[in-house]
Structures are given as C-alpha cells and as structure tokens.
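Note sheet for the following structure.
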There are 2 protein chains.
Amino acid sequence: MSQWRKEMDDLITETPAKKIRHRDMLVRATADIISESGIAGTSITKVVERAGLSRGMVHLHFENKAALLLEVARHMSDEYYARQKVFISDAGPTSQEKLAALITADLSEEILNQYTVNIWYAFRGEARSDNGFMAYSDTRDEALYETYYDAYIKLAAGSENPQVLARDATRGTIALTEGMWVDFFLHPLKFNRGTAKRIIFRFMAGLFQTAFNQDGAILT
Amino acid sequence: MSQWRKEMDDLITETPAKKIRHRDMLVRATADIISESGIAGTSITKVVERAGLSRGMVHLHFENKAALLLEVARHMSDEYYARQKVFISDAGPTSQEKLAALITADLSEEILNQYTVNIWYAFRGEARSDNGFMAYSDTRDEALYETYYDAYIKLAAGSENPQVLARDATRGTIALTEGMWVDFFLHPLKFNRGTAKRIIFRFMAGLFQTAFNQDGAILT
DNA sequence: CACAAAAATGGACGATTGTCCATTTGCTGG
DNA sequence: CCAGCAAATGGACAATCGTCCATTTTTGTG
C-alpha cells in the first residue's frame, strides 16, 4: 500500500486512530468527573476508571495532570464556540438579529446546562491559582466582547456618544448574561430561560428604545 | 470574685478568650489560604502553618476539614452582610436611595476586592459537590432578593404589571451585579467601579425612567 | 509468518493528605 | 503551692495522591 493511500485512509476512516480516540476519551471522562466532583475531587484514578483505561494512559497522552485539565478547558471552550456559531449563522444579517441570536444561544439548553456550568465554574474557582486556565477565560471573553461590540456600535450610530453607548451595552449584556448563568448554576430547577431572556431584552430596550422592546421583538 | 462578675469580665474583656481567638485565627488563616491557593490547594498543614498553631488545633475546634471550610463560608457571608448594612443604614429612606446604596455597596472596595472574590468563587466552584456551601449561597441570595424586591415594588406601584416589573428589575439587578463581580474577578486591573455603576444605573433607568437616570442621579 | 516498534498496562514509589491520640503544657480553684 | 483539668502539641496512622517505569500486549511491516 502506497504512502498517500495510507494517509488517505487515516483521513477518511470512520473511527479515528485509537491513540486519538483514547486521548479524547480521557478528556471527556475528566470533564465528567469535574462536573460531578469539582476540581478538588478529580483524581487520575477516578478519570481512568471512568474512561475504562489504565492509569499509565494519562501520562502517555499528557505531560501531567495539569495538562489534562487544561485540555479539558480548551475542549469546553471549543464546544462553546462551535455551538454559538450555529446560532449566529442561522440568524439574519441585522445587528438586532445577531444580538438576539447571541443571547438566545447563551441561554439555550445546548450551551447553558448543568453539565457545562458545573465544569465552567469549577475551573473558574481554581483559575486564580493556575494561570493556564485564565488564558482561556480571557480569550473567550475578548472574542465575545468583540462580537457584541461590533453589533452594538452599528445600533449606536447617530447617538450622542456612540462608543460609550456601545461599550456600556456590551459590558452590560455580557455581565447580565454571566449573572444569568450564575443564577442557573445556583438554582437550576427554579431557573426560567424565557424570563432570563426577557430581562436581558428589557436592558437592551432601555438603551436602544428604537431597536428592541422587552418581549424580544425586533423593531424596525 | 462573684459569678456574675466573672461573666461580666468575659463580656467586657478586650481580648476574647484564647479558645475563641484560636478558632478565629484558624478561620482567617483558612480564608487567606483559599484566597491564595483555592480550595484544592488548601490543606490543614498550610492552614496551621499560616495561623502559627499546631496541627491538632483544627480538630479541637472543628469536627473535620469540611466543617472548617463551612465556617469560612459563614464568616465570609457574615462580613458581607455587615458591610452592606453600613451602606444601607447611611442611605436615605426612599427606595431610590436604598437601591443606590445597595449597588454602591456591592461595588465598593470593602466588599468587592480581590481577596474576597477569590474566596467567593473558590467556594462556588466546589459548591456542587458539597451541599453545605450551597446553603449559604442560597440564604445570601434569598435575603438579597428580598431587599431589592421590597425597594423595587414601591417604585413599580402604579405601573401596568408591578409584580412582574419588580421581579424583572430584581433579578436583572442581581444578575448584572453578579456579572460585574465576575468581570472584576477575571480582570481586576482593567475593572472600573464607576463604569460598572453607570451601566447598572442605565439598566435601572431603562425600567424606571422617572426614578433614575444613567448617571446614578436620583430623580424626583 | 516473524520480528521490530509502538501502545498499553498496572505495580511500586515517595510525598502528602485528613485524622487520631498519647503526651505535655498551662491555667485555675482550693 | 499543689492538685486537677482543659488546652495544646506533634508524632504516627492508613489512605490516597501524581508520577514513573519495567513488563506485556498490540500493531504494522518486510
């Protein structure tokens, strides 16, 4: 079998190479354990038991435990963006529609669920003591900020102080969404996605009265 | 010395009984370690070294490590309320003034600082796996909710749907403040208290246009 | 089919964890 | 001043941690 064919097979194979599959299994198992037991309760023994692999596997694929945890953070970040992207691409071209899509995404079951927020806040709690996690938190935040700002600055055009208005709207929306996540994290059963969405739209309608109303309806 | 006098001395003594002092030293030392190293990095050895006490002290004052951590959570919660109370009692009698005082308090250096938020988010990260912490988070949240709601419901009087408006305003303000805390936690150097305050007031002004404006000025 | 390389295993290691308890210290009432 | 009791100590304990590596199993190639 020629070399290019072998590489081709690797590309089109339905099940990825075992090495990659095992690596992925470890990442997913680690995410599961973190979601259930937090960072402090996550040990390599628990992870490999969950993954159904042997203990040595971890150090075959990752330099150490910290590298494994960092990979989980990267995995979560990637999944967040991938899911958000679906909502954005389904939305219309106007700023209002993009903003509505962003908020709908951040409150959707695909993105905002107990499994995900448990992991997210577990990492955040330990972020201060490990700078590696902060990097991912920061890049996520900065990209999100840009996305919101780009949409808001267009709505703010013509107002008295567009930059300040767009900045305030961006920071406010992100803070409000973040606060809603915390609310969901602390009271997942009481939480109502529709109410959360309405409150965020009320905030947006307060700043851009000609663009939104409190029901999330987009005005002309 | 008579019995009542002895008790009186205990009450008025400047330095509290040694047993209580040591207990307090452990709680404060634990809080310090959590703030620096997170929950996962907090061990009894580190705590007693910081407190300058022997290892056995912990189990003399607390049933186990979990009880010590829970006491730290209680301590943090108590200090939060004590400091918030100062701001509220200094405020005027109107609902607007009370709300302004609450927001000013939550953004003040006394309440919102790196030491405090590190501890707060460290606990939150491990909250899911230990229900003891959730209880304090919940009681704090419920009391805060009531305080905000009582103020907002008066402002909402006369509006079309007062209860819904007051509920939305309460949840929104708490979520917004929570989000600002997260912003401070992740970017303590970039964070600007004035900007945060202005954004929150813009939200309030959007819901109660006759009561606030975006500069935090209270309208008649 | 045989052989070399890679992947995977799991026992062993020292360090550290939370907990326990026999011993020592310090204070107080008689 | 001393007896008695609570406070405080720190060494010892088993359990668990992350890590390492000699060994076995699987895989791919000539």
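We use all heavy atoms of the structure for the numbers below, so side chains are in, but hydrogens, waters and symmetry mates are not. Convention: sequence-line order gives letters A, B, ...; per-chain numbering from 1.
- Ring planes of B:His61 and B:His22: perpendicular class, angle over 60° (limits at 30 and 60°).
- Close to D:dT19, at under 4.0 Å from its OP1 or OP2, lies a side-chain N or O of A:His59.
- Residues passing the salt bridge (charged side-chain N to carboxylate O under 4.0 Å, His left out) test with A:Arg28 are A:Asp24, sequence neighbours excluded.
- Distance, B:Asn64 CG to C:dT17 C1': 14 Å, rounded to whole Å.
- In this pair, A:Phe185 and A:Tyr121 present their aromatic rings tilted. The plane angle is within the 30 to 60° band.
- Note on ring orientation: taking the six-membered ring where Trp is involved, the planes of B:Trp181 and B:Trp120 are perpendicular (angle over 60°, cut-offs 30° and 60°).
- Pairs passing the salt bridge (charged side-chain N to carboxylate O under 4.0 Å, His left out) check and including a residue from residues 40-49 of chain B, sequence neighbours excluded, do not occur.
- Atom NZ in A:Lys65 sits about 15 Å away from atom P in C:dT16, given to the nearest Å.
- Look at A:His22 and you won't find any side-chain N or O under 4.0 angstrom from OP1 or OP2 of C:dA7.
- Remark: P of D:dC20 and CE of A:Met57 are 17 Å apart, rounded to the nearest angstrom.
- For the salt bridge (charged side-chain N to carboxylate O under 4.0 Å, His left out) condition, the pairs that include at least one residue of residues 74-84 of chain B, sequence neighbours left out, are B:Glu71-B:Arg74, B:Glu79-B:Arg83.
- At a threshold of 4.5 Å between non-hydrogen side-chain atoms, the residues A:Asn64 and A:Leu68 do not count as touching.
- Sorted by first and then second residue, the pairs that involve residues 104-125 of chain A and meet salt bridge (charged side-chain N to carboxylate O under 4.0 Å, His left out), not counting sequence neighbours, are A:Arg124-A:Glu178.
- Within residues 68-75 of chain A, no residue approaches DNA chain C, by heavy-atom distance under 4.0 Å.
- Contacts of residues 43-55 of chain B with DNA chain D (heavy atom under 4.0 Å): B:Ser54, B:Arg55.
- Taking every side-chain heavy atom of B:Leu60 into account, D:dA7 is the closest of D:dA7, C:dA8, C:dT19.
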